[in-house]
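Worth saying up front: this structure is predicted, and the values here are computed from it rather than measured.
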Amino acid sequence: MSSEELRVNVEKALEEIRPFLQSDGGDINLLSIEDGKLVKVQLVGACTSCSVNQMTLKSGVEMTIKKYAPQIEKVINVEK
């Protein structure tokens, strides 16, 4: 998968999860994809102060991204 295809697939994954985040007053932005294995995102809005945002990141965001791009090994949130 080319880097452009990878980016498109990660964006598709984020579009799938975004409505759930937005329903709670939050959102997510894709910052970068490094070495084709690491995705850096930024949780915004209500997601920044949510006490379960790490669980959301792992069980929601990372799982959905891996469904679209299985080669991704890790997703991390970069705080402002």
Side-chain angles (χ1 to χ4, degrees):
M1 184 180 303
S2 74
S3 60
E4 184 56 33
E5 290 170 319
L6 180 58
R7 178 171 279 281
V8 167
N9 284 352
V10 170
E11 288 285 2
K12 285 180 189 175
L14 294 181
E15 287 303 315
E16 182 177 315
I17 196 112
R18 189 166 272 126
F20 299 103
L21 299 173
Q22 290 173 338
S23 71
D24 288 329
D27 207 344
I28 190 166
N29 297 320
L30 175 62
L31 298 179
S32 64
I33 302 171
E34 298 180 5
D35 301 324
K37 298 177 186 174
L38 173 69
V39 174
K40 290 186 177 181
V41 296
Q42 189 170 66
L43 293 169
V44 296
C47 291
T48 59
S49 60
C50 177
S51 62
V52 294
N53 69 4
Q54 286 306 309
M55 187 172 65
T56 298
L57 191 67
K58 289 293 175 197
S59 63
V61 177
E62 188 171 282
M63 187 175 71
T64 304
I65 288 174
K66 286 181 176 181
K67 181 172 74 174
Y68 284 84
Q71 70 271 39
I72 297 299
E73 295 175 2
K74 190 171 185 178
V75 177
I76 61 168
N77 178 45
V78 177
E79 295 182 21
K80 288 185 180 181

Report the hydrophobic cluster partners of V78, with the cluster defined as I, L, V, M, F, W, Y residues connected by side-chain heavy atoms closer than 4.5 angstrom, directly or transitively.
-> L31
Any donor and acceptor pair, going by atom type alone, linking the side chain of N77 with main-chain N or O of L43 inside 3.5 Å?
-> yes
Who are the salt bridge (Lys or Arg N to Asp or Glu O under 4.0 Å) partners of E34, not counting sequence neighbours?
-> K40
Any K66 side-chain heavy atom under 4.5 Å of V75 side chain | no
Same cluster for L14 and M1 if Ile/Leu/Val/Met/Phe/Trp/Tyr side chains link at under 4.5 Å?
-> yes
Any side-chain heavy-atom pair of L6 and I72 under 4.5 Å | yes
Closest non-hydrogen contact found for V44 with I28 is CG2-N, 4.1 Å
With the side chain counted from C-beta on, respond yes when E62 and K74 share a heavy-atom pair under 4.5 Å apart, and no when they do not.
-> yes
Which atom names give the shortest non-hydrogen contact between A69 and V10, and what distance separates them?
-> CB-CG2, 4.4 Å
Between the CD atom in E11 and the CD1 atom in I65, the distance rounded to the nearest 0.5 Å is 9.0 Å
Looking at CD1 of I17 and CE of M63, how far apart are the two atoms once the value is rounded to the nearest 0.5 Å?
-> 7.0 Å
Any side-chain hydrogen bond (donor to acceptor under 3.5 Å, both in side chains) pairs touching residues 15-29, not counting sequence neighbours?
-> E15-R18, E16-K67, E16-Y68, R18-D27, Q22-D27
